[in-house]
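Working notes for the structure below.
Quick caveat: nothing in here was measured; it's all calculated off a predicted structure. So that the names make sense, note that chain A is the first sequence line, chain B the second, and so on, each numbered from 1.
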Number of protein chains: 2
Amino acid sequence: MSDDRLPSWRPGRTRDAVLAFLAAAPGIAPRDRVACFDNDGTLWCERPTYVQLDFFVDVLRSRADDPALAGVPELAAVLAGDRATMGEMGLERIALALLGIFEGVSPEHFTAQVRAFMDRAEHATLGCPVRSTTYVPMLELVAALRALDFTVCIVTGGGAEFVRAVSHDLYGVPPEAVVGSLVDYDYVAEAAGAGGRVRPVLHRTARVSGVVNEGAAKVSHIQTHLGRRPVLAAGNSGGDREMLEWTAAGEGPTLALLVDHDDDVREFAYVSSAESVQEPELILDVAARAGWTVVSMARDWETVFKRLSS
Amino acid sequence: MSDDRLPSWRPGRTRDAVLAFLAAAPGIAPRDRVACFDNDGTLWCERPTYVQLDFFVDVLRSRADDPALAGVPELAAVLAGDRATMGEMGLERIALALLGIFEGVSPEHFTAQVRAFMDRAEHATLGCPVRSTTYVPMLELVAALRALDFTVCIVTGGGAEFVRAVSHDLYGVPPEAVVGSLVDYDYVAEAAGAGGRVRPVLHRTARVSGVVNEGAAKVSHIQTHLGRRPVLAAGNSGGDREMLEWTAAGEGPTLALLVDHDDDVREFAYVSSAESVQEPELILDVAARAGWTVVSMARDWETVFKRLSS
């Protein structure tokens, strides 16, 4: 097929499958044109560490002399760079402890901190700003979908507010189209002087709201948050399995895309397993059985990143 | 002021306040142009009963010979029209029991049921289809905001999926911009024949997810769901108080609109109290103290409904 919408995709079966879906899209009812993209490892680089974790650690380091933080074992291990202890604790426990850094902070302050970090953060090994580690071929796909009047959404295991702080600038996705893991908020209406007027404030808590947005929760949250079943879903890991299954099983044209990180020259090479439904197996094996479209980063993408200079 | 955007609003202080906000809107940063409207009693008529309750009762009646439903005391009282018992039980308990009617149903089926009901439902006293009980002046305001690139959202105490089933047709609002009360979903991936392929299904449960979307929860849910603080909020009852306070307290131009149902000729006349923060008081008194813009349906609206024939 000849098409100028996906210049960074190499000709081949993968690109043909994506173009075939785009060709079929005008036949999909406009209100069903919903596409859901995972973020980490699907729209941008997630190695060697999640960007959100880098951000949390950056804020923690800036407050390293706060005894209330240094006294938390998980945070002390992060500050000391004690990888052995961190490995024993596990990422989830450490991430929950890191949420405590932002307890009581306003949403606006949190967003400002994320944006300030993103303005200056450099990737650990790629020699470029973190904000330029988005995948050009996926940005082209997002643009092609938007030209077809798709509502493009991000469905991430990461924090909703972290991704929302950058989703418009990076992907053109407004905050309400980002479904992520959430913390609870406390609304406090403080009395402000005479006359009974109030000065309302909204504070972040360190409590996770509901369940983390991975696996089957991604499907439930798509329903509760977006209210529409996607006809296109893209992911790269076991946490995306159910979202891809749910999308692929829909009526009419659908596209389930799985990004395979097999490019240790331009990005990273690693495998993900899917353990949320049955016994652990490689997500690539699930994809093969289900007939999803697997994107080989090494073979299918002519360009990975837009620019590699700061 | 001369302006042709609000033809159903009568000249006066209220219309002037709305027009002043619209005139200031171009000075608001595009990403802050978010407007949140309550639904029942703000965008459409909520008397003599909530439309969603009428829908629930309609579905219940169609299944009146189902012993599993008739054996539930709350549902039996509804089916018998036993107002004394219903009054003792209270609306919240009855509404929770009515959720049970839809347990196990797919979201698509629920949406189809709502739309079928809305296609034929007649208002109890106004002599018109329920779908034509939206307020024309509010539709004009929504259109004016959209012309200024506002993201127009609905923040309702009602069920998110009920409102989403009609929000695009009635107001042009997509499902992801509707924040409402939610039920939990169960995702089940059933094995389907050989080869290990799955047939995934999503089922409604009868469990309310988190807290009902009223009062301070409206503010928290605006943050978790929409991710942006509105600069315009419109409501009509105590359940909208915090959303209006939160909006009015923002920086830059804001507009907090309270619809006063004082028109027993064209609609209904009733008062609402606000009890979520302090001791109960009339929401009109809260509005007066806070300086919100109160919309008198009787005085400020030239037209209330678009058409009154079926």
Side-chain angles (χ1 to χ4, degrees), chain A residues 31 34 107-108 111 151 153 160-161 163-165 167-168 174-179 182-189 191-192 195-202 204 209-210 215-229 241-242 245-249 276-278 286 289-291, chain B residues 31 34 107-108 111 151 153 160-161 163-165 167-168 174-179 182-189 191-192 195-202 204 209-210 215-229 241-242 245-249 276-278 286 289-291:
Chain A
R31 75 168 148 210
V34 176
E108 293 82 2
T111 297
T151 299
C153 307
E161 335 268 326
V163 177
R164 285 170 180 165
S167 63
H168 187 269
E176 65 272 19
V178 175
V179 183
L182 291 166
V183 296
D184 285 330
Y185 283 84
D186 285 336
Y187 178 78
V188 185
R197 296 185 75 129
V198 294
R199 186 193 300 126
V201 285
L202 198 58
R204 277 180 72 98
S209 178
K218 283 201 172 183
V219 176
S220 297
H221 291 161
I222 287 171
Q223 180 59 40
T224 54
H225 194 121
L226 302 174
R228 289 186 281 182
R229 183 174 184 163
R241 175 183 179 150
E242 287 79 1
E245 281 175 350
W246 175 239
T247 302
S276 40
V277 174
Q278 291 145 320
V286 178
R289 207 175 53 235
Chain B
R31 76 167 148 211
V34 175
E108 292 82 2
T111 297
T151 298
C153 307
E161 336 266 328
V163 177
R164 286 170 181 166
S167 63
H168 187 269
E176 67 271 18
V178 175
V179 183
L182 290 166
V183 296
D184 285 330
Y185 283 84
D186 285 335
Y187 178 78
V188 184
R197 294 185 77 130
V198 294
R199 188 193 298 125
V201 286
L202 198 59
R204 277 180 72 99
S209 179
K218 283 200 172 185
V219 176
S220 296
H221 291 162
I222 286 171
Q223 180 60 38
T224 53
H225 194 120
L226 302 174
R228 290 186 281 182
R229 184 175 183 162
R241 175 182 179 152
E242 288 80 1
E245 282 175 351
W246 175 238
T247 302
S276 42
V277 174
Q278 291 147 319
V286 177
R289 206 174 55 232

Go through A/E176 and A/R164 one step at a time and tell me if the salt bridge (Lys or Arg N to Asp or Glu O under 4.0 Å) criterion holds. CA-CA 8 Å; A/E176 65 272 19; A/R164 285 170 180 165; over 6 Å; no
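Going from atom OH of B/Y185 over to atom CD1 of A/I222 covers 13.0 Å, rounded to the nearest 0.5 Å. In this structure, A/R204 CZ and B/Q223 CD are separated by 9.0 Å, a value rounded to the nearest 0.5 Å. Summarising the geometry, atom SG belonging to A/C153 is positioned 8.5 Å from atom NE2 belonging to A/H225; distances are rounded to the nearest 0.5 Å.
Heavy-atom pairs under 4.5 Å with chain A were tallied for B/H168, B/R31, B/E161; the largest tally goes to B/R31. Contact count against chain B (heavy-atom pairs under 4.5 Å) is highest for A/P107 among A/A160, A/P174, A/P107. With chain B as partner, the option from A/A217, A/P175, A/A249 having the largest number of non-hydrogen pairs under 4.5 angstrom is A/P175. Per-residue heavy-atom pair counts under 4.5 Å with chain A were compared for B/L182, B/T224, B/T111, and the maximum is reached by B/T224.
No part of B/V188 comes within reach of chain A, as not one of its non-hydrogen atoms sits under 4.5 angstrom from that chain. With a 4.5 angstrom heavy-atom cutoff, A/V183 touches chain B only via backbone atoms. Contact annotation for A/V201: only backbone heavy atoms (N, CA, C, O) come within less than 4.5 Å of a heavy atom of chain B. Using a 4.5 Å cut-off between heavy atoms, A/T151 touches chain B through its side chain atoms alone.
Inter-residue side-chain proximity for A/D186 and A/L202 is flagged as unmet; no heavy-atom pair is nearer than 4.5 Å.
The minimum heavy-atom distance linking A/R229 with A/W246 is given by the pair NH2-O, 2.8 Å.
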